[in-house]
Amino acid sequence: RPCRSGPRRRRGVKVRAEGKLSDLTSVVESQQFDRGMLEDLFEVTKEMERIVEDGAECSLLAGKVMGTLFYEPSTRTRLSFETAMCRLGGKVVSTENAREFSSVAKGETLEDTVRTLEQYVDVIVLRHFQAGSARIAADAASVPLISAGDGPGQHPTQALLDIYTIQKEIGRIDETKVALVGDLANGRTARSLAYVLSKFDKVKLYFVAPDVVRINQDIKDHLTKNGCEWEEVNDLATVAAEVDVLYQTRIQKERFGDKPEDYEKAQGKYIVDKKLVTSMKKGAVVLHPLPRVGEITPEVDSDPRAAYFRQAKNGLYIRMALLTTLLKGN
Amino acid sequence: RPCRSGPRRRRGVKVRAEGKLSDLTSVVESQQFDRGMLEDLFEVTKEMERIVEDGAECSLLAGKVMGTLFYEPSTRTRLSFETAMCRLGGKVVSTENAREFSSVAKGETLEDTVRTLEQYVDVIVLRHFQAGSARIAADAASVPLISAGDGPGQHPTQALLDIYTIQKEIGRIDETKVALVGDLANGRTARSLAYVLSKFDKVKLYFVAPDVVRINQDIKDHLTKNGCEWEEVNDLATVAAEVDVLYQTRIQKERFGDKPEDYEKAQGKYIVDKKLVTSMKKGAVVLHPLPRVGEITPEVDSDPRAAYFRQAKNGLYIRMALLTTLLKGN
Amino acid sequence: RPCRSGPRRRRGVKVRAEGKLSDLTSVVESQQFDRGMLEDLFEVTKEMERIVEDGAECSLLAGKVMGTLFYEPSTRTRLSFETAMCRLGGKVVSTENAREFSSVAKGETLEDTVRTLEQYVDVIVLRHFQAGSARIAADAASVPLISAGDGPGQHPTQALLDIYTIQKEIGRIDETKVALVGDLANGRTARSLAYVLSKFDKVKLYFVAPDVVRINQDIKDHLTKNGCEWEEVNDLATVAAEVDVLYQTRIQKERFGDKPEDYEKAQGKYIVDKKLVTSMKKGAVVLHPLPRVGEITPEVDSDPRAAYFRQAKNGLYIRMALLTTLLKGN
């Protein structure tokens, strides 16, 4: 059982980097956002919350049209983006199975598809099945482009909504203890969150994963290099009592194609149930990118620490903030 | 040939029940609506007609977003709901094949899907393939939910638009004679309409169906219990001359999988053609939930008694009225 | 190698026919538009350009709803139409696989589908897989209908945007030399463009096609009859240096089912590359209906003569102009 510690963390708050939110032209990977940009984005996001709570029609992006170009289905993410645009007064044109339907079938390149779509719309939201596609598309586009996930690559808006949820629920990101639980090898959300957390100060990460889906070495190296403390542990109960954030993820059945018994074993190993949640600190929260299939039992839902549906709502706010930033020049 | 009469009908108008339209929080089955609620709903619906006829942009639901969650295709119903929302100034996000695309494939429960979607939208329209799903979803939802049909279960907005059409075309529902024709065993629209009609006074129902798809006993019992007169008859021509409403339905080929010859026989038995319609009373109407495949001949379309396309338009008005009621608190 | 000339062209400008743009009730085929109507349509289209460039919210079609009824996928065309409606302040309800999903599967006629949809929406955009469907649907409809292509039949809005692009890029249509290149047998865009060009004066057409997909005799006859000069040529390089417009088209692989080697040969025969474009006149343009798969090399894109993405944008403007004309009575 490996249990290595990262190096001692640096003194003081990490300095604000050069990036400015108002310079943002596309959202392709979470690394684009340094601490200062995240803090600015959070300010815009809070304003978005006020707009939604207000309930009145908003015309911030009136006259703007968003094109949703999904090469693989992701209904949840698509509807979140589309609602975000609607709530800002903008309009949406959409395709949810571009892979099968579009000119791709005739051999068109992604660059050409993007260059055509940008003749019509003011911003493109792209979901693709190949890692790296978002970057290729953003480079080709002359309108802002937001990645809604590119296969095993990145899903930057998920990472942004996750970190925003921690800020909102815990009141800070610095000096938090976060347990990442479940499929840490394949789940890109846990990986991306770890990257983003490393930009903050005195964060401690716990990795809790079944043996077959442990966190990859590259992330551990990255954290160590960035002065972020981390630990791999086997006992979820002990960690749960200590952390501010327990980030549970789904074991992805589709990764265990020929070994269903391995899946069953991994799936059942770390279940967040009422007993576990009750052992957590009072102000702590349970997060999950959803969908869940049993790794958090339904009885947990009524506990105030169950924050995963509030987290989903934050996805709406974050996407509104990104659309506003890109289309209004913030 | 069975031909039983219901009991004598009660004296006087059926009394108005307790339900109030303004208390409506979701629409799951037509039984939710008592006579008083229906009458109030019809008032709202008439107002909706005026809005559409006016043609100007309406902002009654400006700032509201409807989420269309269809687990099986029903283009007609979906477009009717979506147009209803558009015509009220609201916006729509939509998925028309949630079954294949959404997180259902990953094992998510319907409750979780609804609890996620409600983070984004103000009202959910659900179409599902399993009877009872609409109730489960409405119970899980904290935003209003309207069922657009749940498999062999209910299709409440169809029943509402049917009864509204009778009121509008005939000028009353009390004291009408209504023939339900076609597949009365499987067609949920005929069943639902019979239930709703039983809330009114001195209605007489005629059931005209091929032997293999006769009306079920439970409905006959319900009508009898509620003092609604009914009769099962074989001769459409005689009934046609007598009724105010001839409600034709499609024989559903998909129910005769292994016996296509039975389908052909059933399909051809009761055709509404020009000759039959000409024999009907002057103010009578022919209704049909559509689509039709031959059970009403196209030559009938030009007869003023052919009301099925006007009936489709009433679907738009009724759905506008329900959305307005649920989102404005009426 | 055939190389026949058309008859001498008539003197003077072709006279303006009777058709008036304001009388337009549906758009089914490009022949509906005579020269005068095209000129009027171009004026409306220029106004649409100003609306889009202005960027502010437009309310020209506020309160109107467009129904997109696509029986086969064509994401590009659909998104162009839907954005056009959005940019005019209208709203959209949409189905992109009506063939599989709608009541067609239950045996409903196209006429009935149209008559139902028109109860909801103010204008229908139809894409169908059968030639002639657009005419059938338009005849059945009591609301305006625009064809977005009917199988091997017509794709009138493509022809309109092509001719508009020539007017805009070259500054005139009369007295232009246009080379149509590629699959002239199956590609309906080249055929339609030839028809429309024949309405103008002193146009000269060059047909440059691999032997297996040469232009059909009916078009040559039509041009000859209408006094439009044309020539079939084999050498693209010579023609390129001479024309104002080089209209390249994709060789459609799907037409060579059993003979892939024929496809490869045809596909590779006429490639528009940097060298070829450099040999063209300074003010000339390369057009393409898109998607392309290699018949124009990507290096050409940066040449100012590469006008195919601007052409795609004109599709947005033309569709806005048609929607405005049909819904505002111009």
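Here is the naming used below: chain letters follow the sequence lines, and residue numbers restart at 1 for every chain.
Of the listed residues B:Arg78, B:Lys253, B:Glu72, the one with more heavy-atom pairs under 4.5 angstrom with chain C than any other is B:Arg78. Among C:Asp112, C:Val121, C:Leu117, the residue with the largest count of heavy-atom pairs under 4.5 Å with chain B is C:Asp112.
In this structure, chain C has heavy atoms under 4.5 Å from both the backbone and the side chain of B:Cys86. Only the backbone of C:Ser94 comes within contact range of chain B, with at least one heavy atom under 4.5 Å from a heavy atom of that chain. Interface residue B:Asp301: only side-chain heavy atoms are found under 4.5 Å from chain C.
Residues from residues 307-315 of chain B that place a non-hydrogen atom less than 4.5 Å from a non-hydrogen atom of chain C comprise B:Phe309, B:Ala312, B:Lys313, given in numerical order.
The two residues B:Leu316 and C:Gln119 come nearest to each other via the heavy atoms CD2-O, 3.8 Å. Taking each heavy atom of B:Gly90 and C:Lys91 in turn, the nearest pair found is O-NZ, 2.6 Å.
Rounded to the nearest 0.5 Å, atoms OG1 (C:Thr113) and CG (B:Leu79) are 10.5 Å apart.
Around NZ of B:Lys274, the count of heavy atoms belonging to other residues, nucleotides or ligands within 6.0 Å exceeds 12. Few gaps surround NZ on B:Lys168; more than 12 heavy atoms of other groups in view lie less than 6.0 Å from it.
A salt bridge links B:Arg87 and C:Asp122; the closest N-O separation between the charged side-chain nitrogens and carboxylate oxygens is under 4.0 Å.
Counting heavy atoms from C-beta outward, C:Tyr120 and B:Arg76 have side chains that approach closer than 4.5 Å.
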